[in-house]
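Data block below; observations after.
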Amino acid sequence: MTKSFGAPALFTLLTAFLATSVQAIPRITRTGRYLYDESGTRFYIKGIAYQEQGAVVASDDNPFGEPSTFIDPLALPDACSRDLPFLQELGVNTIRVYSVNSSLNHDACMSAFSAAGIYTIIDLALPLNGSIDRLSPSWSTNILEQYIHTIDTFSKYDNVLAYNIGNEVVVQETTQVRLTKSKDSSALVGYAAINGASNWREPLANYLSCDLTGSNSDATAIDIYGLNDYSWCGDSNFQSSYAGITNAFANYNVVAYLSEFGCISSPPRLWTESGALFGSDMNTVWSGGIAFSYFPAQSAAGQFGMVTVSSDSRTVTTSDDFDRLRTQYGLVTFINSPSQSSVAAATYPTCPASTSTFLASSTLPPTPNEAACNCLESSLSCRFTPATSNYTTVVGELLNVGCSLLGQSGGSCTEIGGDGQTGVYGRLSGCDPTIKLSYVMSQFYEANDRNAQSCSFAGNGTVNPLAPSGSASSAASSCIANPSAVFTPSAVPTTANSGASGGATTTGGPGTNTGAAVSLIDTNALLGTGLMAIASVFGAIWTLA
């Protein structure tokens with residue numbers, strides 16, 4: 001099937017018409033482990049992944065085939081106009097977007113999707129320097145600022161269902177994750193996990209939804225857990241594909257859904273898993289899922305995608321995959337059970353203990369302090385001045401080199417690192433990687449009697465003539481007023497609610513808040529962060545509802 005929607009005026013007219021003819025999209029709330037709309041009807045995520053794939057550089061360091069660039073689909077009004085009829089044809093009520101640019105305007109796309117009854121799940125990470133590095137994890141100012149700006153940008157829209165603070169960050173054993181939150185009042189906060197081995201998959205899920213405070217509070221728990229699961233391949237069935245994970249999550253305490261599904265290893269994709277996912281076999285545990293993917297996406301597993309877009313970006317051609325998903329989604333009937341009034345408030349158990357395959361500390365790192373880190377950057381004697389505009393590709397390598405050189409001269413990089421297993425974090429662990437690199441370069445430069453050549457680092461470093469005469473360590477002590485402070489989660493002061501009228505929120509559980517919100521740009525009101533781990537780490541920013 002081929003259709004063309006090329007005139008920008010069409011999208012403008014469509015948006016205006018829908019905005020005047022349809023009321024604001026209903027708010028979706030979480031009660032216990034289920035989602036409900038304002039009428040008390042249970043809500044299921046019947047969605048599709050919606051993002052064109054960016055540039056993918058194949059290498060041994062990129063086994064997942066993750067892109068190094070991205071295209072923000074919510075900032076392209078003409079493309080949204082082109083695609084909206086097809087999304088409506090599929091009958092989806094949710095799209096998942098993996099990366100967005102908070103500096104762009106998203107009004108047209110978000111308004112049109114809202115008027116069409118389509119919610120968004122927005123991942124907060126960006127490629128490269130905008131996401132947690134699995135191999136060298138840290139929760140730092142650059143990611144904190146990016147998350148804040150993204151949430152601040154999208155908090156005005158009524159159809160943000162959830163923010164994902166990570167996607168498959170944890171991919172193997174001996175890895176832990178902890179997050180705390182200060183949440184946008186109009187959206188849920190979630191995480192999308194890889195379907196790994198059960199000896200760490202379930203502990204990770206429980207760790208994300210546990211209570212760090214010991215008071216049965218949701219203050220340190222996610223609202224919604226996503227599992228990227230491709231177990232159902234070809235003409236399979238519930239017992240062979242999904243019975244195991246459904247049993248594993250039978251007693252999970254917060255919302256769970258399949259954040260990606262649609263196996264391609266046994267073509268054709270029949271999408272018959274939709275019947276099981278939304279039916280009685282699974283709907284007591286899962287609240288729907290996201291079919292992957294609307295746009296073509298190449299991965300190590302093969303080629304995904306249900307449409308192709310013409311070279312002039314005006315025309316969409318659908319595939320047999322699209323037609324089969326449309327048919328299966330059309331057969332879905334939402335079961336309005338259990339009733340919202342019968343659902344018990346969620347409980348938040350104490351966090352699981354460390355095991356040999358899941359090493360987790362309950363000690364949180366400090367909230368990244370951008371002011372302190374910027375103060376340090378301007379005070380360092382040797383500063384990172386990259387020789388290439390694509391500097392994110394060399395920061396990690398230069399840090400490895402710098403730390404190795406420091407180690408050979410009796411120094412160390414403990415001040416910039418952290419250990420999520422022990423809960424011990426260097427006082428500069430929350431700074432941007434480029435500032436950490438400048439700190440390491442300055443230490444090496446000073447250890448070599450401030451020889452200008454020792455600041456070069458293959459042309460990527462420059463002596464700072466305006467730096468104070470003291471050492472890098474003393475500059476850090478000066479900029480960080482209380483380097484030995486221990487971060488303790490606490491309640492966030494609240495102000496009058498100025499959030500959007502729709503989207504999603506949490507109700508019916510201990511420790512939840514429903515009346516007020518804190519400005520997302522008020523850093524003093526933010527509760528930081530996620531614990532770092534041996535192989536992975538992430539954190540989330542919320543603003544308490």
Side-chain angles (χ1 to χ4, degrees), residues 132-144 165-166 169-170 172-181 200 203-204 207-208 210-214 219-220 350-370 372-373 376 395-396 399-400 402-404 406-407 410-433 435-440 442-443 471-490 526-541:
I132 302 293
D133 185 340
R134 294 186 184 99
L135 300 180
S136 181
S138 67
W139 174 235
S140 52
T141 55
N142 60 306
I143 299 175
L144 170 67
I165 44 77
V169 179
V170 185
Q172 60 188 34
E173 296 180 4
T174 60
T175 304
Q176 57 63 230
V177 183
R178 159 55 48 212
L179 83 106
T180 57
K181 64 190 183 182
W200 61 264
L204 169 62
Y207 199 59
L208 291 169
C210 71
D211 172 34
L212 186 67
T213 68
T220 59
T350 56
C351 297
S354 297
T355 68
S356 61
T357 56
F358 189 78
L359 306 175
S361 170
S362 59
T363 301
L364 299 174
T367 301
N369 187 330
E370 185 175 15
C373 293
L376 175 63
V395 170
L399 274 171
N400 288 337
C403 289
S404 176
L406 277 180
S412 76
C413 282
T414 56
E415 290 198 306
I416 68 169
D419 188 339
Q421 178 181 352
T422 62
V424 176
Y425 308 96
R427 59 179 177 169
L428 305 179
S429 62
C431 290
D432 185 293
I435 298 177
K436 293 179 183 179
L437 178 55
S438 291
Y439 183 75
V440 170
S442 295
Q443 286 186 304
S471 67
S473 180
S474 63
S477 297
S478 175
C479 290
I480 302 174
N482 190 9
S484 62
V486 176
F487 173 73
T488 303
S490 59
L526 291 174
L527 292 177
T529 175
L531 284 184
M532 293 183 293
I534 292 176
S536 313
V537 63
F538 67 83
I541 324 303

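These numbers were taken from a predicted model, which means no experiment stands behind them.
- The distance from the OG atom of Ser442 to the CD1 atom of Ile435 is 11.5 Å, given to the nearest 0.5 Å.
- Defined by atom type and a distance below 3.5 Å, a donor-acceptor pair is missing between the side-chain atoms of Ser474 and Ser477.
- A distance of 10.5 Å separates CG in Leu437 from CG in Asn400, rounded to the nearest 0.5 Å.
- Between Leu376 atom CG and Ser478 atom OG the span is 9.5 Å, to the nearest 0.5 Å.
- With a 4.5 Å cut-off on side-chain heavy atoms, Val440 and Cys413 count as touching.
- By the 4.5 Å heavy-atom criterion applied to side chains, Ile416 and Leu399 are counted as neighbours.
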(message) Using side-chain hydrogen bond (donor to acceptor under 3.5 Å, both in side chains), reason through Ser471 and Ser473 one step at a time and then give a plain yes or no.
(response) CA-CA 5 Å; Ser471 67; Ser473 180; 4.9 Å; no

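- Annotation: side chain of Leu428 is in contact with side chain of Ile480 (closest heavy-atom distance under 4.5 Å).
- Remark: Ser404 pairs with Gln408 by the side-chain contact (heavy atoms from CB on, under 4.5 Å) rule, at least two apart or across chains.
- Contact of the Thr350 side chain with the Asp211 side chain is not registered, since no non-hydrogen atoms from C-beta on lie closer than 4.5 Å.
- Nearest heavy-atom pair, Ala472 versus Tyr439, reported as atom, atom and distance to 0.1 Å: O-CE1, 3.4 Å.
- Note that CZ of Arg427 is 9.5 Å distant from OG1 of Thr414, once rounded to the nearest 0.5 Å.
- Between atom CD of residue Glu415 and atom CD of residue Gln443 there is a gap of 6.0 Å, rounded to the nearest 0.5 Å.
- The closest donor-acceptor contact from the side chain of Ser429 to the backbone of Tyr425 lies at 3.5 Å or more, if one exists at all.
- Nearest heavy-atom pair, Gly430 versus Pro368, reported as atom, atom and distance to 0.1 Å: O-CB, 3.5 Å.
- Remark: Cys479 SG to Cys373 SG, distance not under 2.5 Å.
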